[in-house]
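Working notes, structure below.
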Amino acid sequence: MKRNYRNAYDALEKIGCPVFESVDCPGRFMISAEENYDEVWADYYDCMHWDHDGWLFGVSGKINKILGKYGLFAEWQNPGCLTVCEA
């Protein structure tokens with residue numbers, strides 16, 4: 001995993017975000033949208049959080065802020081997870 005991905009992964013993991021590596025996205029990582037137990041990290045069906053507390057397209061502002069710092073963004077892979085990509 002490239003340095004910017006690893007740094008973002010570590011930062012997200014540190015705040016409790018459900019990140020994971022997958023063979024489906026070699027060199028990148030994913031974020032679960034199904035592990036919203038203590039905090040909602042992403043919600044595919046609630047994409048109306050348009051720029052409310054940094055939410056964008058159903059993705060938490062906390063995630064967007066960290067990913068943006070490392071030149072990354074989250075894109076929906078399916079309703080259950082996000083793939084992290086370079087901007």
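Predicted model, so just to flag it, every value in this text is computed and none were measured.
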Hydrophobic cluster identity match, Met30 and Tyr37, side-chain contacts under 4.5 Å: no
Compare all side-chain heavy atoms of Val40 with those of Ser60 and state whether any distance is below 4.5 angstrom. no
Would one find more than 12 heavy atoms of other residues, nucleotides or ligands at under 6.0 Å from atom CG of Asp38? no
Rounded to the nearest 0.5 Å, what separation is found between the NZ atom of Lys2 and the CG atom of Leu72? 8.5 Å
Over all atoms of both residues, closest heavy-atom pair of Pro18 and Trp41: CD-CD1, 3.4 Å
How long is the span from the CD1 atom in Ile31 to the CD atom in Glu13, to the nearest 0.5 Å? 11.5 Å
Is there a side-chain contact between Arg28 and Val84 (heavy atoms, below 4.5 Å)? no
Examine Trp76 together with Tyr44 and report whether their ring centres are nearer than 6.0 Å. yes
Side chain to side chain, Met1 and Phe29, heavy atoms closer than 4.5 Å: yes
For Ala74 and Val59, work out which heavy atoms get closest and say how close. CB-CG1, 4.4 Å
Going through the distances and angles, do Glu21 and Arg6 end up as a salt bridge (Lys or Arg N to Asp or Glu O under 4.0 Å)? CA-CA 11 Å; Glu21 294 184 58; Arg6 177 55 58 195; 3.3 Å; yes
Would a distance-only check, ignoring hydrogens and angles, find a side-chain to backbone donor-acceptor pair under 3.5 Å from Asp43 to Gly58? no
Do Phe20 and Ile63 land in one hydrophobic cluster if side-chain heavy atoms of ILVMFWY residues count as linked below 4.5 Å? no
Once salt bridge (Lys or Arg N to Asp or Glu O under 4.0 Å) is applied, what residue pairs with a partner in residues 62-76 remain, sequence neighbours excluded? Glu39-Lys62
With rounding to the nearest 0.5 Å, note down the distance linking OH in Tyr70 to OH in Tyr9. 14.5 Å
Distance, nearest 0.5 Å, that separates CD of Gln77 from OG of Ser32: 12.5 Å
Let me confirm one number: the CG-CZ distance from Leu82 to Phe57, rounded to the nearest 0.5 Å. 12.5 Å
Are Tyr5 and Leu12 co-members of a hydrophobic cluster defined by side-chain heavy atoms under 4.5 Å apart? yes
Supply the atom-to-atom distance Asn64 CG to Leu56 CG, rounded to the nearest 0.5 angstrom. 5.5 Å
